[in-house]
Protein chains: 2
Amino acid sequence: MQARISSKAATGRSAGEAAILEAAVKLFSEKGYDTVSMRGIAEEAGVSKANIYHHFDSKEALYRSILCASASQLAGLVSELAGSAGPFEKRILDFATEHLSRLEGDALSSRVILREAFSGNDEHNKLLVDEVFGGIFERMVAIFEAGQRAGVLRNELDAALCATLLIGADVFFFQARGILRHLPQAGFASDLPRFSAQMVDVMLNGMLAGTLPAAAGQGGEG
Amino acid sequence: MQARISSKAATGRSAGEAAILEAAVKLFSEKGYDTVSMRGIAEEAGVSKANIYHHFDSKEALYRSILCASASQLAGLVSELAGSAGPFEKRILDFATEHLSRLEGDALSSRVILREAFSGNDEHNKLLVDEVFGGIFERMVAIFEAGQRAGVLRNELDAALCATLLIGADVFFFQARGILRHLPQAGFASDLPRFSAQMVDVMLNGMLAGTLPAAAGQGGEG
DNA sequence: CCAAAGACTGACCGTACGGTCAGTCAGTAA
DNA sequence: TTACTGACTGACCGTACGGTCAGTCTTTGG
């Protein structure tokens, strides 16, 4: 099997280990930690259960390995997005659109992290904040504070709250798509750019009529 | 034990059954279905495991019983909130504030439903929409459509999307509070009314400066 | 007072879990 | 050829799971 050797040379891990990781990400994204069994992962990966223990010390270690990979991926993505240039409104729209599209693109990893973040375990929460979310949130808040210094964002608003609203809208939409798809009124459930555009429109310009600035209405009629 | 008799007469169920339900709600709100064990529920309730099977056919039946109770509770709450009167802006603020405060007040039930709604199981999603969320969402959308007919809400916006944003902001905040608490910038994490007020302010009036109508700034400086 | 009914229990069953281990097999360097 | 290494496996272990059942208390209607 020449393929196995070359695949190991390329990624630093054997074909079996890669299959295990792929299977584990898939299963851990579908169900919670306890519901996923090592037997199930082994079957999905096409290897023996004992082989998993050859590559990973324990179920916990395998899970943490996946979590760390997903987390550093997320951190890299956001730091990239947060570094974009341009006027405030465009930065916000670009961030929201790209953030949501990558949540969907890496749906498996995203679900693993979200499940962990919303698990309610305070120790895990603190760890996630220290290692991942803290830095991400700081960069997000900085964007809004820059908007306030530039006089574009209302000064009486809490920048951190604004960042929470923007991220929250994306995350909630990502989480709730399975529900929204069954709601006949929510046609936007299958149209990510439409949601992003109108969501940012509302966030920036508000829902109320008769208060739009000259530059408003970006994408609302796409 | 006179207390046992009276408690059964009052609620239609024995003290043991009530203890089982209470324990089950608590545990199912903390962990997922598979992670919660019947032994754990029995211990938490202070009864034998066999006693649970005397009152409920199976683990699944116990879980469904809890889910149905939580769901009808949620449906009742939202239909009550959606029926409020007053001008559009006030209805939105009242709904958001009260909705979030009741999410927290019934945090256990809320978590059980949210976990189920975001489980990713499409059959469960469809069932939840048909039995609970469908009606709730319809009422919410109606509020926004009424706002549009009254000329208060921008006509080019999608009413269903607006409803999603409002509910999503509350739900995300409720889910993410454990994370937000660890973020030093997010002081609003422990101040529900402040979050509700400023969230609604942003939703209605937008984040951008220089576009506020006369009635704006409701609660932003509390 | 006494049977019928319902609340409740300890012991048990088969199964699936996470984890271990001795051992096989292919590739590799000496 | 030989000795070694890492990938990999089937069989096994103790434990905890959901669920069952015979039987014991406790309350209640006649």
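Just so it is clear: chains get the letters A, B, ... in the order the sequence lines come, proteins before strands, and each one is counted from 1.
Rounding to whole angstrom units, NE2 of residue B:H55 and C1' of C:dT9 are separated by 12 Å. A:I52 places its CD1 atom 13 Å from the P atom of C:dT20, with the value rounded to the nearest Å. Residue A:K31 contributes atom NZ, which lies 14 Å from atom C1' of C:dA16 at whole-angstrom precision. The nearest whole Å value for the distance from the CE atom in A:M38 to the C1' atom in D:dG10 is 17 Å. Rounded to an integer number of Å, the gap from A:I20 CD1 to D:dT9 C1' is 12 Å. Across the protein-nucleic acid pair, A:Y53 atom OH and C:dC17 atom P stand 11 Å apart, rounded to whole Å. The distance from atom CZ of B:R39 to atom C1' of D:dG18 is 7 Å, rounded to the nearest whole Å. Rounded to a whole Å, the CD atom of A:E43 is 13 Å from the P atom of D:dT9.
Taking the centre of each ring, B:F173 and B:F195 come in below the 6.0 Å mark.
In terms of phosphate contacts, A:H54 brings no side-chain nitrogen or oxygen within less than 4.0 Å of OP1 or OP2 of C:dC21. Between B:S37 and D:dC17 there is a side-chain N or O to OP1 or OP2 distance below 4.0 Å. Considering only side-chain N and O atoms, B:N51 lies nowhere under 4.0 angstrom from the phosphate OP1 or OP2 of C:dA7.
Salt-bridge formation is not detected for the pair B:R102/B:D106: no Lys NZ or Arg NE/NH1/NH2 atom is positioned less than 4.0 Å from an Asp or Glu carboxylate oxygen. Salt-bridge formation is not detected for the pair A:K31/B:D34: no Lys NZ or Arg NE/NH1/NH2 atom is positioned less than 4.0 Å from an Asp or Glu carboxylate oxygen. A salt bridge is absent between B:K49 and B:E43: the closest approach of a Lys/Arg side-chain nitrogen to an acidic carboxylate oxygen does not fall below 4.0 angstrom.
Using a 4.0 Å heavy-atom distance criterion, B:S48 is classed as a base contact.
Of the two residues near DNA chain D, B:S58 and A:K49, the one whose nearest nucleotide lies more 5' is A:K49.
Side-chain contact check for A:E30 versus A:L27: some heavy-atom pair is nearer than 4.5 Å. For the pair B:K59/B:Y33, a side-chain contact is recorded, criterion being any heavy-atom separation below 4.5 Å from C-beta on. Counting only heavy atoms from C-beta outward, the side chains of B:I92 and A:M207 never approach each other to under 4.5 Å.
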Are any protein N/O atoms closer than 3.5 Å to N/O atoms in nucleotides 22-24 of chain C? If there are, list each pair with its distance.
none

